[in-house]
Amino acid sequence: MRILSGIQPSGALHIGNYFGALRQFIDLQRENDAYYFVADYHALTSVRDADQLRAYTFDVMVTMLSLGLDPDRATLFVQSDVPETTELAWLLTTVTPMGWLQKCVSYKDKVEQGLSAEHGLFAYPVLQAADILLYDADLVPVGQDQKQHLEITRDIAERFNQVFGGGKEVFRLPKPHILESVAVVPGLDGRKMSKSYGNTIEIFDEPAAIKKKVKRIVTDSTPVEAPKNPETDSLYHLFKLFAAPDELAEVERRYREGGIGYGEVKTRLADAMIARFAPARERRAEWLAHPGRVEEVRAAAAERARATARRVLDRARRACGVG
Ligand code: TYM
């Protein structure tokens with residue numbers, strides 16, 4: 001199967017990105033033909049400093065490599081190294097009804113948070129559809145917040161096939177791959193962990209920063225002895241992502257029976273987080289010491305990605321009669 005997904009370089013990646021997306025990227029690279037990319041065209045809708053965008057793009061590449069994405073198995077590229085993406089986005093935009101984009105919650109959400117209502121933000125899902133359709137993707141591993149974008153991608157593909165395909169399939173229809181248990185990783189305040197909410201814990205935060213942030217996770221004021229409901233507690237939700245099964249069973253029992261304090265859970269969570277990412281932290285130091293190697297990975301992947309993209313773009317151009 002062809003797997004494809006992207007991540008925006010709008011800052012350091014956080015544990016929502018890790019559990020919602022990156023971990024699936026790593027699992028799926030083994031048995032499939034995987035394409036993963038750093039979505040720098042998309043990040044332009046929020047990052048407005050060229051040096052910063054370049055630095056974030058590099059940082060996201062390094063983060064992916066450090067966590068175990070293997071450049072010999074997966075094609076790990078940067079979106080803008082394949083300018084064919086923007087041409088396909090234009091072809092797709094000609095068949096995309098305004099109403100579909102007006103319905104998009106992520107656009108409304110971002111404008112509410114203060115991003116200006118620019119056309120790029122509005123047309124963002126069309127560019128995302130181009131990313132996905134350009135590589136004939138079968139499966140797209142993402143978190144829950146991308147579900148609507150995946151639906152629009154399928155709708156656009158179907159419409160293009162109908163309008164220009166004359167009954168033939170120009171684009172393959174992709175499916176989302178969303179794991180229920182990690183679809184929405186909560187942040188420090190219990191809402192979805194997101195850079196724009198300022199409630200994140202970054203994967204490569206220093207151990208002291210992780211400890212400090214974990215202490216800030218919002219809990220209720222149930223006393224230590226009283227029973228607690230693990231299902232409604234975002235601290236427990238986070239703990240569950242990191243704990244070993246026997247440790248989790250013990251903590252769950254003590255939640256239900258009473259006798260565990262949130263302070264204890266926080267200490268254990270911070271320790272587990274630091275331990276989980278320790279090997280990746282070492283690999284990260286290695287990659288950072290050899291930036292030339294990252295550039296080599298990027299250049300080789302761009303070549304592979306572009307060859308695939310070129311074939312699909314030519315198919316789309318032929319179907320609609322340009323060029
Ligand atoms: P982005 O960069 O916001 O997030 C990258 C991935 O991380 C997931 N994610 C989460 N999952 C669970 N819980 C959370 N709290 C959480 N926060 C983030 C996201 O769902 C996503 O899978 N538009 C995309 C980038 C993109 C893309 C694509 C994705 C551009 N083109 C093509 C797939 C295919 C985005 O902004 O993701």
Side-chain angles (χ1 to χ4, degrees), residues 2-26 28 34-47 53 56-57 59-60 63-64 67 69 77-80 82 85-86 88-89 92 104-107 109-110 113 115 120-121 123-154 156-157 174-203 234 237-238 240-241 305 309:
R2 172 70 53 78
I3 313 294
L4 174 130
S5 196
I7 296 198
Q8 286 196 74
S10 44
L13 300 188
H14 54 72
I15 64 169
N17 298 133
Y18 177 70
F19 286 102
L22 285 161
R23 210 170 52 157
Q24 282 68 262
F25 294 7
I26 297 162
L28 289 166
Y35 283 68
Y36 302 123
F37 65 94
V38 184
D40 58 344
Y41 283 144
H42 277 109
L44 280 176
T45 58
S46 62
V47 182
L53 183 61
Y56 285 160
T57 300
D59 183 69
V60 171
T63 299
M64 287 172 145
L67 288 168
L69 281 169
F77 66 104
V78 174
Q79 185 184 31
S80 66
V82 187
T85 313
T86 57
L88 183 60
L92 299 179
C104 276
V105 288
S106 73
Y107 172 72
D109 201 37
K110 285 176 182 164
Q113 283 159 36
L115 285 189
L121 199 57
Y124 183 113
V126 185
L127 182 61
Q128 185 159 346
D131 293 330
I132 298 170
L133 301 177
L134 194 54
Y135 300 93
D136 277 337
D138 296 299
L139 207 65
V140 185
V142 283
Q144 180 71 24
D145 59 2
Q146 297 300 314
K147 190 165 185 245
Q148 192 178 36
H149 290 161
L150 265 290
E151 283 161 6
I152 289 190
T153 299
R154 283 178 70 95
I156 293 175
K175 286 202 185 70
H177 176 69
I178 301 174
L179 294 187
E180 202 51 54
S181 57
V182 286
V184 186
V185 175
L188 302 182
D189 57 0
R191 292 188 294 170
K192 181 191 84 165
M193 184 174 289
S194 165
K195 190 124 242 121
S196 46
Y197 297 153
N199 63 0
T200 56
I201 302 177
E202 274 64 46
I203 299 168
S234 45
H237 191 134
L238 287 168
K240 196 168 167 178
L241 298 172

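Remember, it's 1-based here, ligands and their atoms both numbered in the order they're listed.
The side-chain heavy atoms of Gln148 and Cys104, taken from C-beta on, include a pair separated by under 4.5 Å. Residues Lys175 and Val140 form no side-chain contact, since every pair of their non-hydrogen atoms from C-beta on lies 4.5 Å or further apart.
Partners of Val184 according to the side chain to side chain contact (heavy atoms under 4.5 Å, CB included) rule, which considers only residues two or more places apart in sequence or in another chain, are Gln144, Lys192.
Asp40 and Ser80 are linked by a side-chain donor-acceptor pair at a separation below 3.5 angstrom, with hydrogens and angles left out of the test.
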Step by step, would you call His149 with Gln128 a side-chain hydrogen bond (donor to acceptor under 3.5 Å, both in side chains)?
CA-CA 7 Å; His149 290 161; Gln128 185 159 346; 3.2 Å; yes
What are the distances between nitrogen or oxygen atoms of ligand 1 and protein nitrogen or oxygen atoms, counting only those under 3.5 Å?
unit_1, atom_1, unit_2, atom_2, d
ligand 1, 2 (O), Gln8, N, 2.9
ligand 1, 4 (O), Asn17, ND2, 3.4
ligand 1, 7 (O), Asn17, ND2, 3.1
ligand 1, 11 (N), Gly16, O, 3.3
ligand 1, 13 (N), Val185, N, 2.8
ligand 1, 15 (N), Val185, O, 3.0
ligand 1, 15 (N), Met193, N, 3.4
ligand 1, 15 (N), Met193, O, 2.9
ligand 1, 20 (O), Gly143, N, 2.9
ligand 1, 20 (O), Asp145, OD1, 2.4
ligand 1, 22 (O), Gly143, N, 3.2
ligand 1, 23 (N), Tyr124, OH, 2.7
ligand 1, 23 (N), Gln128, OE1, 2.9
ligand 1, 23 (N), Gln146, OE1, 3.0
ligand 1, 31 (N), Asp131, OD2, 2.7
ligand 1, 36 (O), Gln8, NE2, 2.8
ligand 1, 36 (O), Tyr124, OH, 2.8

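Between Tyr135 and Phe77, the ring centre distance stays below 6.0 Å.
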